[in-house]
Amino acid sequence: MATHRFAVGQNVRLLQSVITRGKSIACEVVQIMPFDGACFQYRIRAADERFDRIAKEHELAEAAPPQSEMDHPEQSGWTDKFTSIAKKGNQ
């Protein structure tokens with residue numbers, strides 16, 4: 001059985017249509033909605049908005065980690081496979 005890809009409290013990006021030229025909106029998952037028979041849905045909210053949106057799973061993408069975490073991925077738990085490979089090659 002398929003499971004939800006995102007969790008409550010997770011930061012995601014709402015992908016916009018071709019009309020808005022590929023822009024996206026940073027949001028947080030507020031609630032996991034029941035399976036509607038076609039796909040999973042989520043109630044999400046952007047930080048600068050006072051209302052929630054309902055988004056289908058295929059309309060969402062994982063948000064990139066904050067820049068401070070990208071500066072030191074080994075400390076934040078984020079790993080970069082290319083960095084790991086490069087370190088192994090230099091040993």
Side-chain angles (χ1 to χ4, degrees):
M1 180 176 182
T3 60
H4 287 85
R5 188 170 145 200
F6 305 105
V8 172
Q10 184 174 356
N11 292 323
V12 295
R13 300 209 53 89
L14 175 62
L15 305 173
Q16 298 293 299
S17 67
V18 176
I19 297 169
T20 56
R21 299 174 196 234
K23 294 183 181 179
S24 62
I25 299 170
C27 299
E28 180 180 345
V29 175
V30 177
Q31 180 184 9
I32 295 172
M33 306 292 289
F35 186 71
D36 73 351
C39 62
F40 290 114
Q41 296 185 70
Y42 301 84
R43 184 178 300 273
I44 59 172
R45 180 179 298 157
D48 60 345
E49 296 176 343
R50 298 179 131 199
F51 58 90
D52 293 347
R53 299 170 188 254
I54 303 296
K56 296 182 182 208
E57 192 166 76
H58 67 271
E59 298 172 329
L60 300 174
E62 290 185 40
Q67 187 59 42
S68 61
E69 291 184 7
M70 291 303 292
D71 292 339
H72 303 285
E74 66 282 348
Q75 294 174 356
S76 67
W78 288 88
T79 58
D80 179 356
K81 66 180 180 181
F82 299 112
T83 302
S84 299
I85 293 169
K87 286 180 182 177
K88 287 180 184 177
N90 290 334
Q91 293 177 348

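All of these numbers come straight from a predicted model, not from anything done at the bench.
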Inter- and intrachain pairs under side chain to side chain donor-acceptor pair (under 3.5 Å), touching residues 4-14, at least two apart: Arg13-Ser24

Results of salt bridge (charged side-chain N to carboxylate O under 4.0 Å, His left out) for Arg53 - residues two or more places apart only: Glu49

Do [X] and [Y] sit in one hydrophobic cluster, given that two such residues count as connected whenever their side-chain heavy atoms are within less than 4.5 Å of each other, even indirectly?
X: Phe40; Y: Leu14; answer: yes
X: Ile32; Y: Ile44; answer: yes
X: Phe35; Y: Ile54; answer: no
X: Ile25; Y: Val12; answer: yes

Non-neighbouring partners of Glu59 that pass side-chain hydrogen bond (donor to acceptor under 3.5 Å, both in side chains), sequence neighbours left out: none

Pairing residues for Glu57 by the side-chain hydrogen bond (donor to acceptor under 3.5 Å, both in side chains) criterion, not counting sequence neighbours: Tyr42

Salt bridge (Lys or Arg N to Asp or Glu O under 4.0 Å) partners of residues 36-47, not counting sequence neighbours, each pair once: Arg45-Asp52

Residues that Ala61 engages under side-chain contact (heavy atoms from CB on, under 4.5 Å), provided they are two or more places apart: Leu15

Co-members of Val30 in a cluster of I, L, V, M, F, W and Y side chains, linked at under 4.5 Å: none

Minimum-distance pair of heavy atoms, taken over all atoms of Gly9 and Glu28: CA-OE2, 3.4 Å

With His58 via ring pair (Phe, Tyr, Trp, His ring centres under 6.0 Å) - residues at least two apart: none

